[in-house]
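Some notes on the structure that comes next.
So that the names make sense, note that chain A is the first sequence line, chain B the second, and so on, each numbered from 1. Note that the coordinates shown come from a computational prediction; the quantities given were computed from them, not determined experimentally.
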2 protein chains.
Amino acid sequence: MRVTTRQKAIRDALEASGRFVCAQDLHARMRAGGHRIGLTTVYRALRALADHGDADVIITEDGQRAYRVCGSSASHHHLICRWCGRAAELPATALERWVADVSLRHGYTGVCCAAEIFGTCPRCPEPAGRGHDAQETG
Amino acid sequence: MRVTTRQKAIRDALEASGRFVCAQDLHARMRAGGHRIGLTTVYRALRALADHGDADVIITEDGQRAYRVCGSSASHHHLICRWCGRAAELPATALERWVADVSLRHGYTGVCCAAEIFGTCPRCPEPAGRGHDAQETG
DNA sequence: CTGCATGCAAAATGTTTGCACTCTA
DNA sequence: TAGAGTGCAAACATTTTGCATGCAG
């Protein structure tokens with residue numbers, strides 16, 4: 001790779017958010033943070049990141065792509081808060097065993113089980129009047 | 001409801017396909033079948049169907065919405081062939097137990113687990129050179 | 001007759017691509 | 001200098017909405 005000046009910033013912002021964010025969201029956040037960056041670059045960087053295996057991609061309930069930095073490329077299962085976007089990683093041994101079982105039972109092969117489970121996290125008890133930002137980077 | 005002339009046709013076509021289809025796909029199929037119907041109507045009918053609980057909605061890997069008539073609104077889990085679209089219904093007792101378990105463990109509530117697992121069904125052994133149409137309506 | 005369902009076209013939204021420019025190696 | 005990275009605008013695909021009309025009740 002050549003520069004990664006902007007790409008580093010994008011990856012940085014992605015890591016800073018610490019949760020699944022869509023390209024537009026990340027772009028807006030970076031612009032708000034003072035970065036001079038284009039939407040296109042964010043899209044491209046995110047796609048490259050996901051392509052390289054450095055980021056997880058999920059399809060939200062709206063059909064939008066959301067990205068997140070990915071430490072281990074092994075298990076791709078998440079429990080995602082539909083309000084603040086916080087995502088808990090799931091070990092998913094039981095899930096994978098179940099998936100392998102039903103796949104075998106139905107004769108399906110090459111099964112890609114990216115379980116994206118949407119719910120309400122303990123920080124968002126009331127799904128009404130969202131003023132929530134949930135910017136904790138931990 | 002008033003007429004349901006067209007809506008009945010849409011539901012019919014959806015049932016006839018017997019698998020997950022997107023609005024555009026269904027529309028094209030109906031037009032090919034001689035129906036005089038607009039894309040908008042298909043979208044609206046599909047949305048209404050899903051709204052009423054008569055159809056399942058999934059988000060494909062492309063981010064498109066795919067619909068399918070839904071007999072039992074209880075378990076919403078499917079093993080979908082990414083090539084021909086065939087979908088096997090999964091009892092998913094084990095999955096739901098696992099989801100309930102991890103949700104409780106992480107404090108998530110209102111969890112909606114619509115497990116859409118994409119793979120290759122036994123009818124599509126070779127995921128290369130797809131000239132496949134898989135138009136079998138049964 | 002009333003008024004909702006319908007359909008065409010345009011708008012809205014999310015994502016990708018073309019092309020010229022910038023900036024790093 | 002060379003060429004990949006970048007950004008703007010346009011292209012593109014999918015879905016929704018506005019508005020006039022037809023058909024069921």
Side-chain angles (χ1 to χ4, degrees), chain A residues 1-14 17 19-52 54-68 80 82 85 114 116 118, chain B residues 1-14 17 19-52 54-68 80 82 85 114 116 118:
Chain A
M1 293 299 97
R2 268 299 170 88
V3 245
T4 53
T5 315
R6 229 70 26 145
Q7 297 201 3
K8 185 60 166 41
I10 292 173
R11 193 201 169 95
D12 245 42
L14 192 58
S17 83
R19 52 187 168 93
F20 282 95
V21 289
C22 62
Q24 314 227 16
D25 209 9
L26 191 65
H27 176 246
R29 186 168 311 194
M30 293 184 72
R31 295 287 281 234
H35 278 95
R36 288 286 304 158
I37 201 166
L39 222 199
T40 309
T41 303
V42 176
Y43 269 109
R44 275 199 270 239
L46 251 26
R47 176 177 264 264
L49 238 40
D51 222 56
H52 196 70
D54 291 329
D56 271 348
V57 199
I58 63 171
I59 309 285
T60 70
E61 295 172 298
D62 294 335
Q64 300 173 203
R65 281 164 183 72
Y67 299 81
R68 180 180 147 168
I80 306 149
R82 74 176 73 242
E116 302 135 30
F118 293 90
Chain B
M1 291 301 97
R2 269 298 171 88
V3 245
T4 53
T5 315
R6 233 58 38 136
Q7 297 201 3
K8 186 60 166 42
I10 292 173
R11 193 202 169 95
D12 245 42
L14 191 59
S17 83
R19 51 186 170 92
F20 283 95
V21 289
C22 62
Q24 313 228 17
D25 211 9
L26 191 65
H27 176 245
R29 187 167 314 195
M30 293 183 72
R31 296 287 282 233
H35 278 95
R36 287 284 304 156
I37 201 167
L39 222 199
T40 309
T41 303
V42 176
Y43 269 108
R44 276 198 270 239
L46 250 26
R47 176 177 264 264
L49 238 40
D51 221 56
H52 196 71
D54 291 329
D56 271 349
V57 200
I58 63 170
I59 308 285
T60 70
E61 295 172 297
D62 294 334
Q64 302 172 203
R65 281 164 184 71
Y67 299 82
R68 180 180 148 168
I80 306 149
R82 74 175 73 244
E116 303 135 29
F118 294 90

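Of the candidates C/dG14, D/dT15, C/dA5, the closest approach to any side-chain atom of A/Y43 belongs to C/dG14. When the nucleotides C/dT16, D/dT6, C/dG7 are ranked by their closest atom to the side chain of A/T41, D/dT6 comes out on top.
A/R11 meets the salt bridge (charged side-chain N to carboxylate O under 4.0 Å, His left out) test with A/E15, A/D54; sequence neighbours excluded. In terms of the side chain to side chain contact (heavy atoms under 4.5 Å, CB included) criterion, residue partners of B/R65 (sequence neighbours excluded) are, by chain and number, B/V57, B/I59, B/Y67. Every residue two or more places apart in sequence or in another chain that forms a side chain to side chain contact (heavy atoms under 4.5 Å, CB included) with B/T41 is listed here: B/R6, B/I10, B/I37. Residues satisfying the salt bridge (charged side-chain N to carboxylate O under 4.0 Å, His left out) criterion with A/D12, sequence neighbours excluded, are A/K8.
Counting heavy atoms from C-beta on, the side chains of A/H35 and A/R31 never come closer than 4.5 Å. Looking at A/F20 and A/D56, their side chains come closer than 4.5 Å, going by heavy atoms from C-beta outward. Contact of the B/Y43 side chain with the B/H27 side chain is not registered, since no non-hydrogen atoms from C-beta on lie closer than 4.5 Å.
Rounded to whole Å, the distance from NZ on A/K8 to P on D/dA4 is 23 Å. In this structure, the NE2 atom of A/H35 is 16 Å from the C1' atom of D/dG7, given to the nearest Å. Rounded to an integer number of Å, the gap from NE2 of B/H27 to C1' of C/dC8 is 11 Å. Going from atom CD of A/E61 over to atom P of C/dG14 covers 15 Å, rounded to whole Å. Following rounding to the nearest Å, A/L46 (CG) and C/dG14 (P) show an atom-to-atom distance of 15 Å. Per the geometry, CG belonging to A/D62 stands 17 Å off P belonging to D/dT14, to the nearest Å.
Phosphate proximity of D/dA4 to A/Q7: absent, as no side-chain N or O sits under 4.0 Å from OP1 or OP2. For B/R47, no side-chain nitrogen or oxygen approaches OP1 or OP2 of D/dT15 to under 4.0 Å.
Residue A/R29 holds its CZ atom at 9.5 Å from CG of A/L14, rounded to the nearest 0.5 Å.
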Legend entry - Per-nucleotide pairing state of DNA chain C [Watson-Crick or G-U, under 3.5 Å; [ ] pseudoknot-crossing; | other strand]: |||||||||||||||||||||||||
All N/O pairs under 3.5 Å across the protein-nucleotides 8-13 of chain D interface:
unit_1: D/dC8; atom_1: N4; unit_2: A/T40; atom_2: OG1; d: 3.0
unit_1: D/dA9; atom_1: N6; unit_2: A/T40; atom_2: OG1; d: 3.3

Inset, instruction - List the steps, then state whether side-chain contact (heavy atoms from CB on, under 4.5 Å) holds for A/R68 with A/V21. - result: CA-CA 7 Å; A/R68 180 180 147 168; A/V21 289; over 6 Å; no
